[in-house]
Amino acid sequence: MSRTCPFSPPPDYAGLREHPGLPRLTGPSGRTVFVAARHDDVRTVLGDARFGSDRSHPDFPRMRVGETVFPGFRPSLIGMDPPEHGPARRAVAGEFTIRRMRELRPEVQCIVDGLLDDELRYVNGSAFSVSALPATW
């Protein structure tokens, strides 16, 4: 499927969203993949243990022919499947509570204010925007 606009899904997605189910398509690597284009289908896939996020699994859909996972690759939380995902999620869950976000707010505000101050300082005569840079701690 080709995009006609970098900010919109390919036009062929509209046809996929018209019918329930998971159509099988040939991916860029030549392998058959499922496509979940409707909200209900995405929810179904996310709740079905037959689908996973583990890139090291031999059936994980590859985007390119010959694509492999580097030896020793350790996935981030979003790339883990059960049973590894549960303990890893519990280990970091405390860092994402409402209370913790409130505690971080002053530090985040300070970082953003500093970046905006830099932006205002450099905006005149500069073709480069510091707001295009990632906020770093």
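As the structure is a computational prediction, the values presented were derived from the model and not from experiment. Computed over heavy atoms, backbone and side chain alike; hydrogens, waters and symmetry mates excluded.
Counting non-hydrogen atoms of other residues, nucleotides and ligands closer than 6.0 Å to CG of L46 gives a total above 12. Residue R62 qualifies as enclosed at atom CZ: its count of foreign heavy atoms under 6.0 Å is above 12.
When atom types are taken as modelled, the side chain of R50 and the backbone of V45 share no donor-acceptor pair closer than 3.5 angstrom. A donor-acceptor contact shorter than 3.5 Å links the side chain of D81 to the backbone of D54.
Residues R17 and D41 form no side-chain contact, since every pair of their non-hydrogen atoms from C-beta on lies 4.5 Å or further apart. P87 is listed as a side-chain neighbour of R90, based on a closest heavy-atom distance under 4.5 Å. Side-chain contact between D40 and P20: absent, with no pair of heavy atoms (C-beta onward) separated by less than 4.5 Å. With contacts defined as side-chain heavy-atom distances shorter than 4.5 Å, the pair E18/R38 does not qualify.
Here the CG atom belonging to L77 is positioned 8.0 Å from the CZ atom belonging to F96, to the nearest 0.5 angstrom. The CZ atom of F60 sits 10.0 Å away from atom CZ of R31, with the distance rounded to the nearest 0.5 Å. Atoms NE2 and OG1, on H39 and T44 in that order, are 10.0 Å from each other to the nearest 0.5 Å. The CG atom of L104 sits 11.0 Å away from the CZ atom of R99 when rounded to the nearest 0.5 Å.
Nearest heavy atom pair, residue V65 against residue S29, reads CG2-O, 3.3 Å. Residue P61 comes nearest to V33 through the heavy atom pair CB-CG1, 3.5 Å, listed as atom of the first residue, atom of the second, then distance.
Both L116 and V108 are members of a single hydrophobic cluster when ILVMFWY side chains are connected at heavy-atom separations under 4.5 Å. Side-chain heavy atoms closer than 4.5 Å link hydrophobic residues (I, L, V, M, F, W, Y) into clusters, and following such links, possibly through other members, connects M101 to V92. Two different hydrophobic clusters hold V42 and F51 under the rule that ILVMFWY side chains link at heavy-atom gaps under 4.5 Å.
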